[in-house]
Amino acid sequence: MPNDKYANMEEKLWILEDLNMMYIRQIALSLQDSDIQKKIDHEIRMRDGACKLLAACSQREQALEAAKSLQTCSTRIMAYMSELQRMKEAQVMQNVPRRSSDAGPMDERLPCKGKVAISDLRIPLMWKDTEYFKNKGELHRCAVFCLLQLGGEIFDTDMVIVDRTLTDICFDNAIVFNKASPGFELRVELYSCCSEDDYSAGSTPRKLASKLSSSLGRSAGKKLRAAMEPGPCSPVSNGGASPLLLPVPSVPGPKYHLLAHTSLSLSQIQDGFRTHDLTISGNEECSYWLPLYGSMCCRLVAQPYCMTQQMMSGCLKVKQCGGDPQSWTNVFAVLKGTSLFCYHRQEDVEANVEPAFTIGINKETRIRASEKDPQSKVQHICISNQYGGEEVTHTLTAESREDTHRWMEAFWQHFYDMSQWKQCCDDLMKIELPSPRKPASITPKQGSLYHEMVIDSTHDLSSTVSDILARRMQELELRSQLGMSPTWMSVFEENDTKPAAFPRQCNSRLSGHSPCSPHRRPLSPASPPCCPRLGLLSSDASLTSDSDSHCSTSPCCHHRGWPEPSLNFPLLSSSPFGLRPRTLSLDAKLSTLRGRGYGGGGGTFQCPCQPPPSSRLSPLPISSRSPLSQRSTQTTLSCSSSTSSNSSSNSEGSHSPESSEGVLFSRPSPARRSLRNLRARLDPRNWLQSQV
Amino acid sequence: MSFVPGQPVTAVVQRIEIQKLRQGDKLILGFSIGGGIDQDPGQNPFSEDKTDKGIYVTRISPGGPADVANLRMGDKIMQVNGWDMTMVTHDQARKKLTKQKEDVVRLLITRKSLEETVRLQLKSMLS
């Protein structure tokens, strides 16, 4: 049974991992280094946590984040392990008796460490123009993040979701590495993971299944296949294989793969932005592939400690050359950065008072020890600088020979540091930590009006719709030439919304009204009702009386119907024809709302004509309300067989079909929106119906 | 009424001939259709198999030509004047039905009750 085999394998892996841990602990103990031990333990616990989270979470976003932490933890563990190994080896090497000729390294001068900061990473993408400008089709998205490693420190950036509408991948994080030596190697790795389809175990959601079944193109199919069978381009990379550490037992869920990497070093440091080349792994067939341009732009700066910290300080006597041989000045000197600051008193340093004078110490400075002063038997230190064309020399005297020695040592070290850090010591480079910003707002991808309306399904739909209608009312009032608004309003207010359980026929006679004829037409019982539609009009007799408001009612039959269970839309129907386009879109929106509110998923579809006609025909001139609980469908105009109806009302009947494009649902509630998931956009299209 | 890919579709069908009615300058049939391969089949209230993307009759105007011809709501339209309707988009189906040059459409429809009827008949015949 494959299941058993898997379980067995997993068990074995876990056992071996425990053994590994014991081995690691032994090494750490023998090195008496509990620091790394603690770090490794911490990372292992983090990794376990990430694994559990990955197994438990259901949301794609969470899974991606958890997989990212898993990747980071694994990399850190590997780094610590290798460091531990190296330390062990070093210790072993030390214990081996050395020959005297090897006694060099002990005296070698080590350059000072420094801080290295990398920020504003930007990786341009190179989409094919056909891809980039495509407006429809699935948006293939990848989740990417960068892993930055320097020495023993590993940091990851935030995760960014990339799709074909982005031109660059930007990481806003600024990452600072402490304790970097001048010979550092900053390794930048870009990991990506396909974030769209859910290939993990478990039944695919119905939406996805239907999407797959209906729209699996060639490239999508290839990707699907590639993801299903881990081939050469999808190595299991969480944990990786290393001789020291066994690969992590793979957890179901999204896996990140290495997409590109590069190494930065001292020569690439510059106080500004620079472009570096990326080495790309993977090819087009991989699911995690992104068309990278091949380069990366970032700001890499370094602050060696010699520039930011006091390297040496003490009391000195300084004399400017060329001056009075007796004019020695007592100063408290501080060696920092590219200068020797000379303060009058030691307290001035903390008080931030300006130094008395400053002697520049840079690459062009020459420092030498002069011969012993015959009188004081103390060596002087001469510092010469070139200012302009002139050479200025300062002579320093320390209080004792040891001090002199220490100062010389400090100067040598300082020069050595500057030679090692090269361009970083010319000027102090600024490391900026970005101020905490609020997370970027989700930019709605679509720009249509449908999306502007955010209507929470928990709100009372009827009141929301009333608001909308009231607003429309106001607009119409301004424009209306038919003067029917007042009548409408009364009708509107009278209507009490009460969705009936079954539809009722509306009166055909409404369609019988011509826009211009104010007469009321008697409806014979035999004449078939016309619009079995919803939301038909008012039961208010005043409407059907001879008044201009009639004109308003007829168009209602013309418009596409909307499944409006309780609210009548006299408003919409009576809109002057000039406003029709907007009305139609509002119709669509409102019908969707209605449908969502009342139909819900699984509302039973009830056709207006379904109930036996005998009980439904209302021969009264006053049309009855016909609340319907229908699903959000756009039923079109129906009707028409009514003979007495005028041509205008019926001509609409067979007009163009409802090519209502799938009415888009409103944005989800803020809780879901916070997922930063652009998938919160479209529900499947409405199920169109056309009248023929 | 569902189909298995690769297997021929079999169904008990009925032929219905509808004479179009002239209304103004249009010829209408008096019913509404829903479905199509570009629509979401899960929202079809009439289909037995929720993956069926066929064209279904969703509404009949009472007294209209379709009603008179005994088309019923919930019928699945298999053919229209010889054109297949089982694998068409919504708009294609609508076009085939609303050709203004034709004043009669001959539909091939299927409905669940037909099968039932046939089965019952068979039973009664055999028993």
Apply side-chain contact (heavy atoms from CB on, under 4.5 Å) to residues B:I33 and A:Q689 and explain how you reach the verdict. CA-CA 5 Å; B:I33 54 165; A:Q689 294 180 45; over 6 Å; no
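Atom CZ of B:R22 is surrounded by more than 12 heavy atoms from other residues, nucleotides or ligands within 6.0 Å.
Taken from OG in A:S690 to NZ in B:K95, the straight-line distance is 11.0 Å, to the nearest 0.5 Å. With rounding to the nearest 0.5 angstrom, the NE2 atom of B:H90 is 5.0 Å from the CG atom of A:L688.
Nearest approach of B:G34 to A:W687, heavy atoms of both residues: C-CZ2, 3.5 Å.
No other option in B:L29, B:T98, B:V105 has as many heavy-atom pairs under 4.5 Å with chain A as B:L29.
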